[in-house]
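Reading through the structure tokens given below for one structure.
Excluded from the calculations below are hydrogen atoms, water molecules and symmetry mates; all remaining heavy atoms, backbone and side chain alike, are included.
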Amino acid sequence: TYHNSNNSTYMSLLAQFYNILLNLRFPNISINKQLQIPNSNILKIGFIGRTFNNHSIGRISMGLIEKLNQYSDIITYTYTIPYNHNTNDQFTKRIYNASKVYKPLLEQHFIEVIEQIRNDNLNIIIIPDAFTDIYMYCLGLYKLAPVQVTTWGHPDTSGSPNIDYY
């Protein structure tokens with residue numbers, strides 16, 4: 001944490017609070033939906049973020065996406081929700097070229113984004129910039145894949161029971 005204290009209790013309470021708000025706002029979509037691991041020899045790994053551009057998180061993610069795509073039994077899905085529609089920098093283009101499936105989610109409603117990702121039946125979703133802004137925080141509270149991972153975007157616990165690994 002930023003102040004050398006354990007925030008896990010506070011962050012868990014915050015996640016519970018936002019879960020209540022999200023359930024009230026979007027009662028027809030389950031936050032904790034039980035998702036089955038797809039029965040396939042192909043591993044489907046998704047990345048979702050707002051910073052897949054010339055940003056430190058985008059640059060770190062780019063290398064991981066490029067390395068994973070060297071394996072024939074892995075399909076990477078990249079879902080990008082940019083802050084603005086400027087997706088023409090060299091890093092965005094490189095992530096686009098590295099991704100086997102690239103899906104810009106520019107105008108979709110919040111619930112449509114969740115349904116799109118769930119319908120792709122991923123094995124794993126990686127949210128590198130989870131919890132760096134309120135949109136990504138709320139998205140990370142939903143179970144999007146059977147295994148859900150966050151990484152370097154924020155050096156603190158999310159408090160979300162739906163994040164399986166950091």
Side-chain angles (χ1 to χ4, degrees), residues 12 15 18-19 22-23 25-53 55-83 87 89-133 135-154 157-166:
S12 292
Y18 273 101
N19 280 343
L22 289 167
N23 277 322
R25 176 65 179 95
F26 305 113
N28 296 327
I29 188 159
S30 172
I31 288 178
N32 300 312
K33 183 176 182 178
Q34 296 299 312
L35 301 171
Q36 300 298 316
I37 296 174
N39 187 13
S40 172
N41 292 333
I42 301 295
L43 184 63
K44 294 165 63 173
I45 302 175
F47 291 81
I48 184 166
R50 295 184 78 129
T51 55
F52 294 148
N53 53 26
H55 185 282
S56 59
I57 296 170
R59 291 189 300 269
I60 291 169
S61 301
M62 177 178 49
L64 184 55
I65 294 168
E66 288 174 334
K67 292 296 181 191
L68 287 172
N69 276 331
Q70 294 176 358
Y71 298 94
S72 61
D73 58 347
I74 295 176
I75 298 174
T76 57
Y77 287 68
T78 302
Y79 307 91
T80 182
I81 307 168
Y83 287 109
T87 57
D89 67 56
Q90 66 177 339
F91 296 99
T92 303
K93 289 176 183 175
R94 193 166 155 193
I95 289 172
Y96 171 82
N97 289 329
S99 304
K100 290 185 180 169
V101 179
Y102 185 86
K103 296 185 177 187
L105 305 173
L106 301 174
E107 304 296 334
Q108 280 84 348
H109 185 277
F110 182 74
I111 296 304
E112 291 172 336
V113 170
I114 293 166
E115 291 171 343
Q116 168 72 58
I117 295 167
R118 285 180 174 173
N119 288 337
D120 284 337
N121 294 314
L122 303 173
N123 298 88
I124 301 168
I125 186 126
I126 300 171
I127 312 171
D129 56 357
F131 318 109
T132 56
D133 70 30
Y135 188 93
M136 293 306 297
Y137 181 82
C138 290
L139 199 59
L141 293 173
Y142 283 82
K143 193 67 169 175
L144 304 173
V147 177
Q148 199 150 302
V149 179
T150 188
T151 59
W152 313 277
H154 200 278
T157 180
S158 67
S160 174
N162 284 326
I163 297 295
D164 301 302
Y165 299 100
Y166 175 84

Worksheet item: Does the pair F110 and R25 meet the rule for a side-chain contact (heavy atoms from CB on, under 4.5 Å), with working shown?
Response: CA-CA 11 Å; F110 182 74; R25 176 65 179 95; over 6 Å; no

Worksheet item: Can I45 and Y71 be said to form a side-chain contact (heavy atoms from CB on, under 4.5 Å), step by step?
Response: CA-CA 12 Å; I45 302 175; Y71 298 94; over 6 Å; no

Please check this pair: side chain of [X] against backbone of [Y], looking for a donor-acceptor N/O pair closer than 3.5 Å.
X: T76; Y: S99; value: no
X: N123; Y: K44; value: yes
X: K143; Y: R118; value: no
X: Q148; Y: Y142; value: yes

Enter the distance from [X]:[atom1] to [Y]:[atom2] here, rounded to the nearest 0.5 Å.
X: K67; Y: I74; atom1: NZ; atom2: CD1; answer: 13.0 Å
X: I114; Y: N119; atom1: CD1; atom2: CG; answer: 11.5 Å
X: I127; Y: F47; atom1: CD1; atom2: CZ; answer: 11.5 Å
X: I75; Y: L68; atom1: CD1; atom2: CG; answer: 12.5 Å
X: D120; Y: Y77; atom1: CG; atom2: OH; answer: 5.0 Å
X: T80; Y: K103; atom1: OG1; atom2: NZ; answer: 13.5 Å

Item to complete: Identify which one of I126, V113, L122 satisfies the side chain to side chain contact (heavy atoms under 4.5 Å, CB included) criterion when paired with I48.
Response: V113

Worksheet item: Does F91 have any ring pair (Phe, Tyr, Trp, His ring centres under 6.0 Å) partners at least two apart in sequence or in another chain, and if so, which?
Response: none

Worksheet item: What residues, two or more places apart in sequence or in another chain, satisfy ring pair (Phe, Tyr, Trp, His ring centres under 6.0 Å) together with Y79?
Response: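 Scan of Y79 (ring pair (Phe, Tyr, Trp, His ring centres under 6.0 Å), adjacent residues dropped) gives none.
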
Practice prompt. Give a yes or no on this: more than 12 heavy atoms of other residues, nucleotides or ligands lie within 6.0 Å of atom NZ of K100.
Written response: yes

Discussion item. Tell me whether the count of non-hydrogen atoms from other residues, nucleotides or ligands lying under 6.0 Å of OH in Y135 goes above 12.
Written reply: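 Correct, the count exceeds 12.
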
Worksheet entry | Shortest non-hydrogen separation from L144 to L139 and the atoms involved |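 Distance-wise, the nearest heavy atoms are CD1-O, 3.9 Å.
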
Fill in: Smallest separation among heavy atoms of I81 and R50, with atom names
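Shortest heavy-atom separation between I81 and R50 comes out as O-CG, 3.0 Å.
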
Discussion item. Before you tell me yes or no, could you show the steps for Y102 and I95 under side-chain contact (heavy atoms from CB on, under 4.5 Å), namely the whole-Å CA-CA distance, both residues' side-chain angles and the distance that decides it to 0.1 Å?
Written reply: CA-CA 8 Å; Y102 185 86; I95 289 172; 4.2 Å; yes

